[in-house]
2 protein chains.
Amino acid sequence: MDFEPLGLATDLVILTVRDGRLQVLLIRRGIPPYQGRWALPGGFVRPDEDLETTARRELAEETGLSAERIHLEQVATYGAPDRDPRGRVVSVAYLALVPDLPAPVAGSDAASASWVDATDVLDDAGRLAFDHHRILTDGVERARAKLEYSPLATAFCPPEFTISELRGVYEAVWGLPLDPRNFHRKVTKTPDFVEPAGGTTTRDGGRPAQLFHRGAATTLHPPMTRG
Amino acid sequence: MDFEPLGLATDLVILTVRDGRLQVLLIRRGIPPYQGRWALPGGFVRPDEDLETTARRELAEETGLSAERIHLEQVATYGAPDRDPRGRVVSVAYLALVPDLPAPVAGSDAASASWVDATDVLDDAGRLAFDHHRILTDGVERARAKLEYSPLATAFCPPEFTISELRGVYEAVWGLPLDPRNFHRKVTKTPDFVEPAGGTTTRDGGRPAQLFHRGAATTLHPPMTRG
DNA sequence: CTCCTTGTTGTCATTATGACGATAAGGGGT
DNA sequence: ACCCCTTATCGTCATAATGACAACAAGGAG
């Protein structure tokens with residue numbers, strides 16, 4: 001076996017919903033190449049380290065999130081020969097969906113990590129370093145698609161949430177408003193999407209809302225419909 | 001930049017529908033490791049070669065298909081440190097969907113490439129070398145899912161096909177029977193899924209069937225439903 | 001000419017969807 | 001205490017999509 005010189009990295013599309021908007025965690029690069037530009041968090045895979053292990057380690061380092069219960073999935077691999085000016089670097093992109101918890105960018109080792117509105121970044125193809133705009137585009141599209149046929153929207157929510165909070169996730173990720181009454185009917189009638197948790201809350205104002213937690217479903221039948 | 005010793009490869013899940021069954025192209029390994037075992041076609045990425053270029057090159061080498069109009073998409077990347085006993089090899093898996101054309105395994109350079117029933121291989125987790133059973137499982141599941149919301153089933157068909165032939169693809173990939181009448185209605189009423197090509201054929205026996213070709217849609221609204 | 005095979009159109013009951021009206025039940029202000 | 005504002009939840013109704021299946025169409029084989 002002879003190996004060509006090659007670097008293997010993972011990059012992370014870390015999404016959350018804050019203030020009703022889809023946001024992505026970006027870092028400002030402190031060193032060349034692309035010094036001073038925004039980029040997705042990422043790093044090189046260590047010898048004998050599994051790809052997902054690398055991704056979880058990066059996630060913990062960048063966000064301070066203990067990472068275990070965070071949803072993390074592989075999106076795609078980017079390997080254009082010229083994608084990194086330092087040499088051949090192939091990057092495996094992962095998508096992480098995190099709830100809007102306190103301690104957002106605390107404990108991060110990247111000097112300047114911050115949450116940025118995803119739509120702003122998506123609208124400006126030149127804002128990110130490397131091919132990160134494409135990676136972000138693919139990651140966000142993956143998230144949007146998965147909300148249709150999986151109960152993954154709950155990954156953006158705390159363990160117990162209201163139907164309206166769940167609707168807020170859909171509206172933020174899809175970028176369009178949904179009818180509260182039809183949404184409520186759809187979610188509660190889709191088998192095993194959500195289960196009543198027992199209590200109620202008034203944290204969103206108005207009439208007290210029932211709390212739910214995620215159900216056992218892995219795919220939604222029938223799926224939620226976008227547009 | 002210092003690089004750890006690392007090999008980068010692509011493996012291909014090449015699927016077709018023959019005789020009403022979903023089949024996958026496998027090669028019998030002539031050299032260790034896993035000598036004599038079945039494996040997915042694949043090979044190492046050359047320096048300065050793009051990942052998809054590698055996949056298309058392998059596809060052409062193994063199948064003799066000039067490859068240009070063949071549907072090819074990336075599925076996932078597999079990088080467990082011990083997945084290859086020769087050392088650290090990370091593999092990017094691609095899915096190829098090919099029509100049931102003549103010259104099936106002609107011009108192949110792998111000594112013994114052949115079409116194998118996908119269900120047989122999926123049912124026997126120990127038949128394939130490396131982690132190729134997992135790769136195949138993921139590839140087939142990708143194909144099954146994509147038939148739901150994309151017009152990709154047409155990739156298994158010749159340029160002009162009948163609705164029944166298209167139904168045969170769905171039945172083979174999903175492994176379940178579909179009602180010919182409801183299927184016909186669904187396909188013809190889904191906007192831009194298929195367009196009438198003008199002629200008819202009796203190659204499947206019975207009443208002459210209208211020929212169609214693929215429409216302009218990239219996603220199906222509403223999607224086809226499995227089960 | 002008749003039967004056999006598959007293609008295509010239709011019918012009908014059930015279910016899902018989208019648009020909205022109406023009511024429920026807290027919290028805040030006076 | 002009361003009114004009002006906000007959000008939650010339930011219901012109604014027309015329309016669209018689905019699944020089950022009858023019936024008819026149109027070549028090919030014998």
Side-chain angles (χ1 to χ4, degrees), chain A residues 19-20 147-149 153 157-158 160-172 174 176-213 217 219-227, chain B residues 19-20 147-149 153 157-158 160-172 174 176-213 217 219-227:
Chain A
D19 306 320
L147 291 212
E148 293 189 20
Y149 57 88
C157 297
E160 298 196 342
F161 52 86
T162 70
I163 301 289
S164 291
E165 289 163 356
L166 187 64
R167 176 167 49 85
V169 168
Y170 275 89
E171 293 177 329
W174 285 350
L176 46 84
L178 300 172
D179 183 278
R181 297 154 295 185
N182 292 339
F183 183 86
H184 189 283
R185 177 183 58 191
K186 181 68 173 289
V187 168
T188 51
K189 294 187 81 159
T190 299
D192 298 317
F193 188 178
V194 298
E195 303 284 350
T200 64
T201 183
T202 58
R203 63 192 176 211
D204 302 309
R207 171 176 167 179
Q210 288 194 329
L211 286 167
F212 293 82
H213 53 252
T219 54
L220 304 181
H221 297 290
M224 309 293 291
T225 50
R226 222 193 305 193
Chain B
D19 306 321
L147 291 211
E148 293 188 21
Y149 57 87
C157 297
E160 299 196 341
F161 51 86
T162 70
I163 302 290
S164 291
E165 289 164 355
L166 188 64
R167 177 167 49 85
V169 168
Y170 275 90
E171 292 177 329
W174 285 350
L176 46 84
L178 299 172
D179 183 278
R181 298 154 295 187
N182 291 339
F183 183 85
H184 188 282
R185 177 183 60 192
K186 181 68 173 286
V187 168
T188 52
K189 294 188 80 161
T190 300
D192 299 317
F193 188 177
V194 296
E195 303 284 350
T200 63
T201 183
T202 57
R203 65 192 175 211
D204 302 310
R207 171 177 169 179
Q210 289 194 331
L211 286 168
F212 293 82
H213 50 68
T219 52
L220 304 181
H221 298 291
M224 310 293 290
T225 50
R226 223 192 305 195

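Throughout, protein chains are lettered first and strands after them, A, B, ... in sequence-line order, and every chain is numbered starting at 1. No experiment lies behind these values; they were computed from the predicted model shown.
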For residues 219-227 of chain A, which side-chain donor-acceptor pairs fall under 3.5 Å, sequence neighbours excluded?
unit_1 : atom_1 : unit_2 : atom_2 : d
A/T219 : OG1    : A/H221 : NE2    : 3.3
A/R226 : NE     : A/E148 : OE2    : 2.6
A/R226 : NH2    : A/E141 : OE2    : 3.4
A/R226 : NH2    : A/E148 : OE2    : 2.9

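- Taking the 5' to 3' direction, DNA chain D first and last meets chain A under 4.0 angstrom from a heavy atom at D/dT6 to D/dT12.
- Summarising the geometry, atom NE2 belonging to A/H184 is positioned 10.5 Å from atom CG belonging to A/L166; distances are rounded to the nearest 0.5 Å.
- Across every non-hydrogen atom of A/A172 and A/G20, the tightest pair is CB-O, 3.4 Å.
- Scored by the salt bridge (Lys or Arg N to Asp or Glu O under 4.0 Å) test, B/D192 finds no partners at all (sequence neighbours excluded).
- In plain terms, the two heavy atoms of A/H213 and A/A197 that are nearest each other are ND1-CB, 3.6 Å.
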Any N/O pairs under 3.5 Å between the protein and nucleotides 18-20 of chain C? List them or say none.
unit_1 : atom_1 : unit_2 : atom_2 : d
C/dG18 : N7     : A/R185 : NH2    : 2.7
C/dG18 : O6     : A/R185 : NH1    : 3.0
C/dA19 : N7     : A/N182 : OD1    : 3.4
C/dA19 : N7     : A/N182 : ND2    : 2.9
C/dA19 : N6     : A/N182 : OD1    : 3.3
C/dC20 : N4     : A/N182 : OD1    : 3.4

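- Scanning for ring pair (Phe, Tyr, Trp, His ring centres under 6.0 Å) contacts around B/Y149 gives an empty result, with sequence neighbours left out.
- Atom CZ of A/R167 sits about 14.5 Å away from atom NZ of A/K186, to the nearest 0.5 Å.
- At least one side-chain heavy atom of A/L211 sits less than 4.5 Å from a side-chain heavy atom of A/R203.
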Pairs under 3.5 angstrom, nitrogen or oxygen only, protein versus nucleotides 4-7 of chain C, please.
unit_1 : atom_1 : unit_2 : atom_2 : d
C/dT6  : O2     : B/R207 : N      : 3.2
C/dG7  : OP1    : B/S164 : OG     : 2.7
C/dG7  : OP2    : B/S164 : OG     : 2.6
C/dG7  : N2     : B/R207 : NH1    : 2.8
C/dG7  : N3     : B/R207 : NH1    : 3.1

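- Using a distance-only test at 3.5 Å, with no hydrogens or angles considered, no donor-acceptor pair links the side chain of A/Y170 to the main chain of A/A153.
- Annotation: the span from A/I163 atom CD1 to A/T188 atom OG1 amounts to 6.0 Å, rounded to 0.5 Å.
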